[in-house]
Amino acid sequence: MSRYPSPALAAFLTLAAATGVSAQAPAPNLSDPQVAHVAVTANTIDVTLAKYAQTRTQNTQVREFAATMIRDHTAVNEQASALAGRLHVTPQDNSVSQSLLAGAAQARSALEPFKGSAFDRGYMDREVAYHQAVLDALDHVLIPAASNPELKQLLVDVRPAIAAHLEHAKHVRSGLGNGS
Amino acid sequence: MKSPDTRRARLLVALLSAAGLGLAHAGPAPAPRRHVVEIRGMEFHPAALEVAPGDTIVWVNRDIVPHTATADGKNGWDTGILTPSHSGSIVVSRVGGSPYGCKLHPTMRGGVKVRRS
Ligand SMILES: [Cu+2]
């Protein structure tokens, strides 16, 4: 690994790595509308993949994990939308959102060929990596970039949920073993 | 959920009891208490609670995601899903108590100890 010039850039590259997109661009200085867009996109991506996983898994723990992802990330997005409305902030598309979406599409197609426990392991591996990347992005990119105090507070409030999801994902993943 | 009427009745009993107005108890029964557990930052605050039979425990969800407070084991108490800024409660029935958690988030743990006061 080469040395990164800043923690923010390192986090952005981690995010890009976890989402399967190679990053040439430095960590962008995001505006509040862009931060809001990244946050909503990150939540939507996890809801979408969880809905897909529910159509593919037979495992109770994986199914329950996916249900929690749908419930929680939907709830966070409802709050984010309400806040954006109140602040008259229109979320604005940007390169970080784009790289998240590209990584999500890649993760989804990488999972498609797998069945049964191999699918479960793949999905949970992705969820561990994704939540770690989102946590890093919150700490090093999104929270520092947010300038409106309410937007910043929402991101700060979201953090413990993401951290709990990460532990939950690790726990489910370790219960799945490594296959034969 | 305890209704306001039940709460008022209990309060009345407690007041009468405190005033010594002809209740059948040998000693004055302690007034049932109301304990509030806040759920925030994916944790129960306080996580450990000591209560007496007849007390009420209220869980208030101050988080931005839904939670439950659910006793371990098959036939324990359960608040059901508490959406953000909603609360749920139980009336403690018997001595003992239980570790509990959130059914939706296995990392969230708490405990209730029930002893006669
Ligand atoms: Cu919970």
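Chain naming here is simple, since letters A, B, ... match the order of the sequence lines and numbering starts at 1 in each. Any value given below was found using the heavy atoms of this structure, including those in side chains, with hydrogens, waters and symmetry copies removed.
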(message) What part of A:Val158 gets within 4.5 angstrom of chain B, counting heavy atoms only: side chain, backbone, both, or neither?
(response) both

(request) Hey, could you give me the CD/CG distance between A:Gln79 and B:Asp63, rounded to the nearest 0.5 Å? (result) 9.5 Å

(message) Nearest 0.5 angstrom please: B:Arg40 CZ to A:Asp157 CG, how far?
(response) 11.5 Å

(message) Minimum heavy-atom separation for A:Ala75 and B:Val65, please, with both atom names.
(response) CB-CA, 4.3 Å

(request) Calculate, to the nearest 0.5 Å, the distance between atoms CE and NE2 belonging to B:Met42 and A:His165 respectively. (result) 5.0 Å

(message) So for A:His73, is it side chain, backbone, both, or neither that comes closer than 4.5 Å to the heavy atoms of chain B?
(response) neither

(request) Using the test side-chain hydrogen bond (donor to acceptor under 3.5 Å, both in side chains), find all partners of A:Lys152 that sit at least two apart in sequence or belong to another chain. (result) none

(message) Are there over 12 heavy-atom neighbours, none belonging to A:His171, within less than 6.0 Å of that residue's NE2?
(response) no

(message) Looking at A:Gln58, I'd like to know if its CD atom is crowded, meaning that more than 12 non-hydrogen atoms belonging to other residues, nucleotides or ligands lie closer than 6.0 Å.
(response) no

(message) Rounded to the nearest 0.5 Å, what separates atom CG in B:Leu104 from atom OG1 in A:Thr68?
(response) 5.0 Å

(request) Would you kindly confirm whether A:Val141 and A:Ile143 end up in one hydrophobic cluster when ILVMFWY residues are joined by side chain heavy atoms under 4.5 Å apart? (result) yes

(message) Give me the atom names and distance for the closest heavy-atom approach of B:Thr107 to A:Ala164.
(response) OG1-CB, 3.6 Å

(message) Applying a strict under-4.5 Å side-chain criterion to I, L, V, M, F, W and Y, I'd like to know whether A:Leu100 and A:Leu166 cluster together.
(response) yes

(request) Quick one: do B:Ile64 and A:Leu154 satisfy side-chain contact (heavy atoms from CB on, under 4.5 Å)? Show the steps, please. (result) CA-CA 9 Å; B:Ile64 56 174; A:Leu154 178 65; 4.3 Å; yes

(request) May I ask whether A:Leu83 and A:Val89 are part of the same hydrophobic cluster, defined by side-chain heavy atoms of I, L, V, M, F, W, Y residues being less than 4.5 angstrom apart, directly or through others? (result) yes

(request) Check whether more than 12 heavy atoms from other residues, nucleotides or ligands sit under 6.0 Å from atom NE2 of B:His86, and answer yes or no. (result) no

